[in-house]
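Read the structure below first, then the notes.
Numbering of residues begins at 1 and proceeds along the displayed sequence. Only heavy atoms go into these numbers, but all of them, side chains included; no hydrogens, no water, no symmetry mates.
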Amino acid sequence: MWIGITILGILYVLAMVFLALFKRCRKFALWTGLVAVAVTLTSMTVTGSQINADARAAGYDSADDQRDAQRAGITDPAMWRTQREAYLRTWAGEKKQKEAAAKATKDQESAQADAICSKDFNCWSNKFNRAATKACAPQVERAAKNNFEWTDSFTSPKFPRAVINSNGASITYVGDAIKMQNGFGAWIIMTYECDFNTIAGSVVAVRVNPGQLTE
């Protein structure tokens, strides 16, 4: 019974979500939908409790325990208890092997993609631009002795230029989208360079000097 109520409740909630798209029905859909959610959640809790109770009555520890026994092809609870640990260890080992194989495949594909990307200037410099911007910007700001103001925008990034060094192991990102105030209160445009280690994902060095980039 409770399973049927749960299914009906889920269907009713989905119907109310659709009905809420229409302004005239929105209030009705909201209130009845909330009631349906409460009833459905209660029904799901009761259903879960009933399923677990049925599993324990059949001799299993829980519904999950019963499903594991069914997976192993064992229908006798007493027999399952004697073999459960062995099956769980076997399944855990198989899961680890699958995860390790999937990780190895993913790492291999990533290494191959990086090998191709590293030969393309735009691909390799763009790959680390976001991480470099996040790590380098605070370092550039620390060079300000007084106030500073970034002047970058969506179409004008902080680091529009880059120089790839050491076969791609490091990239020097360059920009001039910041103004710093000197001791007399005057604003001066500054040019900055940030050496970013692509292997460690960290800043190696930052240099900030007055002036703008030349075309």
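In this model, a donor atom of one side chain and an acceptor atom of the other lie less than 3.5 Å apart for Asn147 and Gln181. A side-chain N or O of Arg142 and one of Gln139 form a donor-acceptor pair less than 3.5 Å apart. For the residue pair Asp195/Thr172, the side-chain donor-acceptor check at 3.5 Å is satisfied.
When atom types are taken as modelled, the side chain of Thr191 and the backbone of Pro210 share no donor-acceptor pair closer than 3.5 angstrom. Here the side chain of Tyr192 pairs no donor or acceptor atom with the backbone of Cys136 at under 3.5 angstrom.
At most 12 heavy atoms of other shown residues, nucleotides or ligands fall within 6.0 angstrom of atom CG in Asn167. Remark: Arg130 CZ is loosely packed, at most 12 non-hydrogen atoms of other residues, nucleotides or ligands lying under 6.0 Å away.
In the hydrophobic clustering of this structure, Val174 does not group with Trp150; members are Ile, Leu, Val, Met, Phe, Trp, Tyr whose side-chain heavy atoms approach within less than 4.5 Å, directly or through other members. At a threshold of 4.5 Å between side-chain heavy atoms, the hydrophobic network of Ile, Leu, Val, Met, Phe, Trp and Tyr places Trp187 and Val208 in two separate groups. Ile188 and Phe148 fall within a single hydrophobic cluster, where Ile, Leu, Val, Met, Phe, Trp and Tyr side chains are chained together by heavy-atom contacts under 4.5 Å.
For the side chain to side chain contact (heavy atoms under 4.5 Å, CB included) criterion with Gln83, the lone passing option out of Met79, Arg81, Glu85 is Met79. The salt bridge (charged side-chain N to carboxylate O under 4.0 Å, His left out) test with Arg84 singles out one residue from Asp65, Asp68, Asp76, Asp64, and that residue is Asp65.
Looking at Asp114 and Lys127, a side-chain N of the basic residue comes within less than 4.0 Å of a carboxylate O on the acidic one, giving a salt bridge.
By the 30° and 60° cut-offs, the orientation of the rings of Trp80 relative to Tyr87 is tilted. Using the six-membered ring where Trp is involved, Phe196 and Phe128 have ring planes that are tilted, between 30° and 60° apart.
By the 6.0 Å and 45° rule, Lys119 does not stack over the aromatic ring of Trp124.
Residues Asp152 and Pro157 have side chains not in contact (no heavy-atom distance under 4.5 Å, counting atoms from C-beta outward). By the 4.5 Å heavy-atom criterion applied to side chains, Ile164 and Phe121 are counted as neighbours. The side-chain heavy atoms of Ile116 and Gln112, taken from C-beta on, include no pair separated by under 4.5 Å.
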